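Since we're looking at a predicted model, the values are computed, not measured. Letters A, B, ... mirror the listed sequences (proteins, then strands); counts begin at 1.
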Amino acid sequence: MTGETGGLRKFVAPEFVCGAGAHRLAGQYAKNIGGRRVMLVTDPGVRAAGHASSVARVLEEAGVDFVLFDRVSQNPRVEEVADGARRFGEEGCNALVAVGGGSPMDCAKGIGIVAATGRPIEEFEGVDRIDRPGPPLLCIPTTAGSSADVSQFAILAAPDRRIKFAVISKIIVPDVSLLDPELLHTLSPALTANTGLDALTHAVEAYVSTGAGPVTDLFALSAIRRLTTYLPLAVRHPASPAYREETMLASLEAGLAFSNASLGAVHALAHSLGGLLDIPHGVCNAILLEHVVGCNFSWAPERYRAVAEAFGLNVVRAPREVVRAALIDRIATFRHGLGIDQTLSGCGMDAGDIPALTRSALLDPCMVTNPRVPDETMVRRCYERAL
Amino acid sequence: MSVPSERTYQDRLRESILGLGEHSTRKSHYPELQRRLDELERFRFLLDRSNDLFFLVRAADGRIVDANASACSRLGYGSRDLVGARFVDLLLEAEVLLIEQTVTARLRRDDEEPLWVEMTMQRARFSGEEYLVVVARDVTERNRILEALTESENRYRGVVQQVTDGILIVEPGGGAIEDTNRAVADLLGYSHFALLGLHTMDLFAPGSRLPDEGSTTVCQLLRSDGNPVPAEVTVTPITYGDDRVMHCFVIRDATARLEVERVRREAHEQLEQNILQFATLGDHIRNPLAVIVGLADLLGTPDAERIVQQAREIDRIVDQLDRGWIESEKVRSFLRRYY
Ligand SMILES: [Fe+2]
């Protein structure tokens, strides 16, 4: 913590409503935030699950006109953002409602920026680059993991450059999030696990972040505790409303923590990897987490001790090396228990990719708050161990 | 009306306190902003439909920061081309530009054709910055109508100037001369402009009465050299301009006509005199004839009988002449009546 503002902490969160049936407030909220003709941003999977149409029905009932936009891929692309922004303008929309996982929500954030500024989304890559607020954004998450519904992050892909880049700004924190566990029932066990592990990574990285503060700590540790207990149960009992609600709450907590404390090397490496391979973000994180913890541990041992305790490990008085080994083992066991036992090479990565991936990861804004100031050796080692 | 049960009321109150009420949303200026934007859009629509050209010019650098659709279309530029341009670059020609005064100017169209406008500038201050609001009215059409009007007026003026009768437009009651034509100037020996400086009375011989409205009178007019000119003057009231009633004097030179009348009058007088002489001629002959008949009777000779016979023949001839005089009297009165 250096510099004049080193000790200052800020917390920005959207207005959120959580609980069963929350998504039925979409019409009322769309109206209250000034929406007259809204763009309903979703993706084909979410449409197939019927969530887009149930939100559409709620909007109709409230008399809010909408335009559907579902051309969003798993890793939303710059051209999809541009396409959406063009339609947003052509159709005379004035607000955004995103229904889905991280992809439609990130895409909706991008659409809002481009619609407001008229400039391509690539120009806003980086931190605090947006000087004009977009139209209001209401998010209805259908996964419990990305937390894009509460975060200041939008991760977008530029396939022609084979990279994923982050747009980070408090201006893109959504206005409203309606967290409804009822919408999670259709999530497959694999997707539940992927997204849950993404949330777990958010919580861990936010807690050890150099930007962490007392408020984000509360949310981060609570999220870790909740996920370690309920994520395996939600994967095993997909129809249980109680477990679904716990994972949704955990995701919310993790989101509030990482949106304000930011992330670290796991996400930097995962973003870099996501530009190369089209593998789910949660899987990338899950594979990398234990290795990054290994590399970072000595730079924030007491923080990691608290993480280990939140994971349920009794390490209050244990020597640091013991805590380190126990935590790494616990994380690995946890993800294997959820069926995530891939390696990066298994996902299609090659040792030859490492130099390029390393270069790109070192430039990622998430690296800024990593407890250890990263260098090439550290990043390369993490990739090699996860290969 | 049924009174809501205590339970429902409590439920609703609880919902509201938890922020789940219909209007319970964190403060946002967006809905109000949208309403204002709508108003702005409506206003913009009106502004764009105006025939006048509107420019908002930043005082600091003279650059146009906004212009309405008419400004763009009338000058032939695209909707955003004008923004950022220097306003003076649009001015081909203008009178001295003064704040809050209307001046005539020519603006540069995209195709280099000039656009005639009437322009007014006003100072304005928005968000702490000085601006000039320029409102320009396209006067091309108005100028075209004015030209057509002038041409039509010139045509009528030409006709009025070329007729041989003199025409004077004057204020009633012998007032100022408002307009006149060439025939008056020629008749009285004034220039057109000298006439416009005179009063009606200046054109009439001293002591003349002005002709009455609606009448035709022969008057003595005065030439510029002081000589009188007889003229037949007809006065007609006319409406002149918007609401003024003026007199139109139509003046015809009467010199030639009066000369003809004089000759005719003299001929009549001579004729009348001759007829009167003729009428007394019979009586003049009959008197000595009666003496001749009386003397012949005194003679009592046969020759006297023949003398009386011849005298009666003469009397018959005189009677015939008397009857001829009656015919002549009829002719004379006919002549009097018709010539
Ligand atoms: Fe993530």
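- Sparse packing is recorded around CZ of Arg123(B), with 12 or fewer heavy atoms of other residues, nucleotides or ligands lying under 6.0 Å away.
- To the nearest 0.5 Å, atoms CD (Glu22(B)) and NZ (Lys31(A)) are separated by 6.5 Å.
- For Ser54(A), the side-chain contact (heavy atoms from CB on, under 4.5 Å) test picks out His23(A), Arg57(A), with sequence neighbours left out.
- One distance of note links CD of Glu15(A) with NZ of Lys27(B); it measures 13.0 Å at 0.5 Å rounding.
- The environment of CZ in Arg109(B) is crowded: more than 12 heavy-atom neighbours from other residues, nucleotides or ligands sit within 6.0 Å.
- Applying the side-chain contact (heavy atoms from CB on, under 4.5 Å) criterion to His185(A), with sequence neighbours excluded, gives Pro241(A), Arg244(A).
- In this structure, Tyr30(B) and Pro135(A) have side chains that are in contact, with non-hydrogen atoms separated by less than 4.5 Å.
- Considering only heavy atoms from C-beta on, Arg26(B) stays 4.5 Å or farther from Asn32(A) through its side chain.
- Remark: side-chain polar atoms of Gln34(B) are not paired, donor with acceptor, to backbone N or O of Gly34(A) under 3.5 angstrom.
- Proximity to chain A involves both the backbone and the side chain of Leu20(B), based on heavy atoms less than 4.5 angstrom apart.
- Residue Arg36(B) places its CZ atom among 12 or fewer non-hydrogen atoms of other residues, nucleotides or ligands, all under 6.0 Å distant.
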